[in-house]
Amino acid sequence: AKDAASKGLVYMCAADYDFREIASNWMRAFVRLGLKNALVYALDAEAHAHLTARGVRSVDGSLAMADFNRTRLARHIQRAEAER
């Protein structure tokens, strides 16, 4: 792990508010292993607030997700899922 950290490796997972407990558990596992090079990319502001309040290293990605949701790709995915 020290070798990985020295090479700039970062372990990351993404979670929204519905998956906040899974993300917290994932981070606790890293802490138990003594790893410090992990973070959670929070997909919404609520998840970020919840995670940071509990000491989980988190990045607020809510603005990026809002931007993505306005893209043609997001609308295409939504239409494809609606057709199922």
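From D44, atom CG reaches atom CZ of R20 across 10.0 Å, with rounding to the nearest 0.5 Å. The structure places CD of E46 at 9.0 Å from CG of D60, a figure rounded to the nearest 0.5 Å.
A47 approaches D16 most closely through the heavy-atom pair CB-C, 3.6 Å. Shown here for H50 and E21, the closest heavy-atom pair between the two residues is NE2-OE2, 3.3 Å. Across every non-hydrogen atom of L35 and R57, the tightest pair is O-NH2, 3.9 Å.
No path of Ile, Leu, Val, Met, Phe, Trp and Tyr side chains, each step under 4.5 Å between heavy atoms, connects Y17 with V56, placing them in separate hydrophobic clusters. In this structure, F19 is not a member of the same hydrophobic cluster as M27, with clusters built from ILVMFWY side-chain heavy atoms closer than 4.5 Å.
Between L39 and V59 there is a side-chain heavy-atom pair separated by less than 4.5 Å. Side-chain contact check for L43 versus S62: every heavy-atom pair is 4.5 Å or farther apart.
In summary, of the residues considered (Y41, F30, W26), a side-chain contact (heavy atoms from CB on, under 4.5 Å) with C13 occurs for W26 alone.
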